[in-house]
Number of protein chains: 2
Amino acid sequence: MSENLQCTDTLHSRGFRVTPQRMVILRILQEADTHLNPTEVYQRAQHAMPGLTEATVYRTLAFLTDQGMVLAAHIGSGQLVYEIAGHAHHHLICRACGYTLEIEHELLAELYRLFKVSTGYQIDSLHTTFFGLCPECQAPELNNVA
Amino acid sequence: MSENLQCTDTLHSRGFRVTPQRMVILRILQEADTHLNPTEVYQRAQHAMPGLTEATVYRTLAFLTDQGMVLAAHIGSGQLVYEIAGHAHHHLICRACGYTLEIEHELLAELYRLFKVSTGYQIDSLHTTFFGLCPECQAPELNNVA
DNA sequence: TTCGCTATTGTAACTAGTTGCAATAAAGAG
DNA sequence: CTCTTTATTGCAACTAGTTACAATAGCGAA
Ligand SMILES: [Mn+2]
Ligand SMILES: [Mn+2]
Ligand SMILES: [Zn+2]
Ligand SMILES: [Zn+2]
């Protein structure tokens with residue numbers, strides 16, 4: 001709830017308007033316990049606000065992402081998914097089984113410092129996705145052993 | 001040219017077919033000096049092979065990416081772009097001016113080792129994009145000084 | 001409260017990307 | 001070279017995402 005007031009103030013202070021559409025979408029993301037794609041957000045938004053359109057969902061998700069209130073991520077398969085911006089983290093996804101692991105941003109802090117000193121770029125990506133193989137899917141062919 | 005023979009052999013050995021469509025698209029990427037999006041690949045392919053369809057371009061780019069012969073990347077704005085898989089590298093993109101820097105994969109090697117020891121995941125992302133601000137765009141308001 | 005400005009929304013047309021299915025054509029066997 | 005198998009393509013219908021523009025509605029000022 002206080003998060004909502006926080007967002008309201010932030011929007012006001014930046015000269016943007018606080019609309020019911022934005023509040024509804026923000027609340028949906030706050031109450032979600034996973035990443036949601038735009039269609040899922042749209043479907044949930046229909047309950048709270050029947051008139052709201054898909055175009056607005058897409059626009060609002062992009063807007064809230066620009067404002068830093070929402071995080072977006074490409075998780076394989078080209079689809080963008082969203083979540084409320086809380087703790088800074090990234091994702092490791094297994095190409096074989098799809099299992100996803102969350103990792104603390106702190107693990108990337110040193111890399112970002114390295115970027116800064118070697119290139120001057122101040123990187124701020126807070127929701128990067130890395131692909132590879134999880135421990136199980138790396139396992140040597142267990143069937144060969146038997 | 002030898003790269004083409006290499007790809008041909010690899011496809012054969014994996015049980016896939018070597019089609020003119022695949023060869024045309026592969027050559028287009030080999031001759032390109034930048035990332036290309038699917039539409040750009042399609043347009044260039046039209047010259048060499050008028051009958052080729054957009055659906056095939058999308059499918060072929062995804063296929064070649066799966067085979068590790070092509071690298072894909074999300075560079076802001078949702079569009080996927082492709083390039084021939086050569087040296088392993090990643091990108092730093094400025095959110096303000098869009099200027100893009102290529103960085104050697106070696107800079108990420110330590111991070112990937114860290115992922116392995118702390119999570120067991122063997123990460124192999126070879127074309128990751130990081131966003132932030134380039135040195136120029138970080139500059140304190142120069143107008144204030146005057 | 002009322003008014004005016006203009007950011008934001010809904011609409012609808014548009015572009016981008018995906019997919020089921022039948023036709024085509026690689027490529028190995030004979 | 002011819003035949004057979006089946007991976008791949010083209011087609012066309014579909015889903016996903018974007019955008020121009022006019023209508024709506026925040027919100028600051030009076
Ligand atoms: Mn996340
Ligand atoms: Mn690249
Ligand atoms: Zn796995
Ligand atoms: Zn810049």
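Proteins come first, then strands; the chains are lettered A, B, ... in the order of their sequence lines, and each starts at number 1.
- Atoms CE (A:Met23) and P (C:dT9) sit 10 Å apart, rounded to a whole Å.
- You'll find that the side chain of A:Val18 is closest to D:dC27, out of D:dT9, D:dC27, C:dA26.
- Both B:Leu52 and B:Gly15 lie close to DNA chain D; mapped to their nearest nucleotides by heavy-atom distance, the more 5′-ward contact belongs to B:Gly15.
- Spacing between atom CD of A:Gln67 and atom C1' of C:dA7 amounts to 13 Å, rounded to whole angstrom units.
- Side-chain atoms of A:Gln21 lie closest to C:dT9 of the nucleotides C:dA26, C:dT11, C:dT9.
- Using a 4.0 Å heavy-atom distance criterion, A:Glu54 is classed as making no nucleic acid contact.
- Between the side chains of A:His91 and A:His35, at least one donor N or O sits under 3.5 Å from an acceptor N or O.
- Residues B:His127 and B:His89 bring a donor and an acceptor atom of their side chains to less than 3.5 Å of each other.
- In this structure, B:Ile25 places its CD1 atom 13 Å from C1' of D:dG10, rounding to the nearest Å.
- Here the side chain of B:Ser13 pairs a donor or acceptor atom with the backbone of B:Thr10 at under 3.5 angstrom.
- Looking at heavy-atom distances under 4.0 Å, B:Gly51 makes contact with sugar-phosphate atoms alone, never a base.
- In this structure, CZ of A:Arg14 is placed 13 Å from P of C:dT8, rounded to the nearest angstrom.
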Let me see the working for B:Met23 and B:Asn4 under side chain to side chain contact (heavy atoms under 4.5 Å, CB included), right down to the final yes or no. CA-CA 8 Å; B:Met23 290 304 107; B:Asn4 257 307; 3.6 Å; yes
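- Side chain B:Arg22 to base D:dT8: no donor-acceptor pair is found below 3.5 Å.
- For the pair B:Gln79 and C:dT15, the criterion of a side-chain N or O lying under 4.0 Å from OP1 or OP2 is not met.
- Looking only at distances, a side-chain donor or acceptor of B:Ser125 sits under 3.5 Å from a matching main-chain atom of A:Phe131.
- Remark on DNA chain C: of its neighbouring residues A:Thr56 and B:Thr39, the 5'-side contact belongs to A:Thr56, judged by nearest-heavy-atom nucleotide.
- Comparing A:Ala55 and A:Arg17 by the nucleotide of DNA chain C that holds the closest heavy atom to each, the one mapping nearer the 5' end is A:Arg17.
- Residue-level contact check: A:Phe16 touches the backbone only, with heavy atoms under 4.0 Å from sugar-phosphate atoms and none from bases.
- Taking only side-chain nitrogens and oxygens, A:Tyr58 never comes nearer than 4.0 Å to OP1 or OP2 of D:dT18.
- At a threshold of 4.0 angstrom between heavy atoms, the contacts of B:Arg59 include nucleobase atoms, whether or not backbone atoms are also involved.
- Taking atom NE2 on B:His74 and atom P on C:dA16, their separation rounds to 17 Å, with Å as the unit.
- Distance NE2 (B:His12) to P (D:dT8): 11 Å, rounded to an integer number of Å.
- Distance, A:Leu80 CG to C:dA16 P: 17 Å, rounded to whole Å.
- In this structure, CG of B:Leu61 is placed 15 Å from P of D:dT8, rounded to the nearest angstrom.
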